2 protein chains.
Amino acid sequence: MCHDFHGTIEFIGKRWMGIIIYQLLNGPKRFSELTENIPGISDRLLTERLRELEKEGLIIKAMIPSQKKAHYELTPAGRELETVISSILNWIRIKQKLSN
Amino acid sequence: MCHDFHGTIEFIGKRWMGIIIYQLLNGPKRFSELTENIPGISDRLLTERLRELEKEGLIIKAMIPSQKKAHYELTPAGRELETVISSILNWIRIKQKLSN
DNA sequence: CTGTATCCCCTCCGATACTG
DNA sequence: CAGTATCGGAGGGGATACAG
């Protein structure tokens, strides 16, 4: 359990990872949409993070063959991350209150 | 907000950070107790992480002058991280169920 | 016991260029 | 648009030694 915890928390703590997941929680997104909504991220890193998320089974890449458009969307396991993201967002709020 | 989120998630995703917080949620701990309970961590990194946690106001170092013993314990803000840690632990469980 | 100080490798990441 | 390939610098982190 300790090992999984360690792996998980470092995985979602990777650079840009949290924000990418956060974006995807608002619905499927295309590569270019992610680029636009995440200021500062490079193509290289976005690609790398997306592949890692795919590999972990947290997102899938869906192709629409008629048009040649790729979408990325969360799997059920990925969607369950909403709780984690929310708790972090909530903690940030709490912390700011406490520091007054 | 995006900036805070980014900073926070990367902060707690640093190597050993999650486990250190997890240990401290079970009550104040001494340096040596943390070393024993966290297999593989080095003195150097434990020190570094503790200093970062102090700087962020998430733990305090309490000295007992009579004996020369240091304790580390979570501040109120630090204790609020329990929700975040729990949600991650819970997500790991959910993910394992989903992968059956 | 509770750290600090170095050294140094090796990974992460940014920049840049290129492709179908 | 949606990536892939390559390079090079910065720094994170392991190993080791030392200290009050």
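The sequence lines fix the lettering, A, B, ..., with proteins before strands; numbering per chain opens at 1. In this text the structure is predicted, and so the values were computed from the model without any measurement.
Remark: P of dG11(D) and CD of Glu52(B) are 14 Å apart, rounded to the nearest angstrom. Between the P atom of dG12(D) and the CG atom of Leu46(B) lies a distance of 17 Å, rounded to the nearest Å. Atom CD1 in Ile41(B) sits about 12 Å away from atom C1' in dG14(D), given to the nearest Å. Taking atom NZ of Lys29(B) as the reference point, atom C1' of dC1(C) lies 17 Å away to the nearest angstrom. Counting to the nearest Å, the C1' atom of dA17(C) and the CG atom of Asp43(A) are 12 Å from each other. For the pair Tyr72(B) OH and dG3(C) C1', the interatomic distance rounds to 8 Å; values are reported in whole Å. Separating the CZ atom of Phe31(B) from the C1' atom of dG20(D) is a distance of 14 Å, rounded to the nearest angstrom.
For dG3(C), the OP1/OP2 oxygens have no side-chain nitrogen or oxygen of Thr47(B) closer than 4.0 Å.
Contact check for Met17(B) versus Leu53(B): side-chain heavy atoms found under the 4.5 Å cut-off. Looking at Leu50(B) and Lys61(B), their side chains never come closer than 4.5 Å, going by heavy atoms from C-beta outward.
For the pair Glu52(B) and Lys14(B), the salt-bridge criterion is met [side-chain N within less than 4.0 Å of a carboxylate O].
Contact detail for Gly57(B) and Ala77(B): the closest heavy-atom pair is O-CB, 4.2 Å.
The closest donor-acceptor contact from the side chain of Thr75(A) to the backbone of Leu58(A) lies under 3.5 Å.
Between the side chains of Asn90(B) and Glu80(A), no donor-acceptor pair is found at a separation under 3.5 Å.
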For nucleotides 6-13 of chain C, read 5' to 3', which letter fits each nucleotide if B means a protein heavy atom sits under 4.0 Å from the base, S means only the sugar-phosphate is that close, and - means neither? B------B
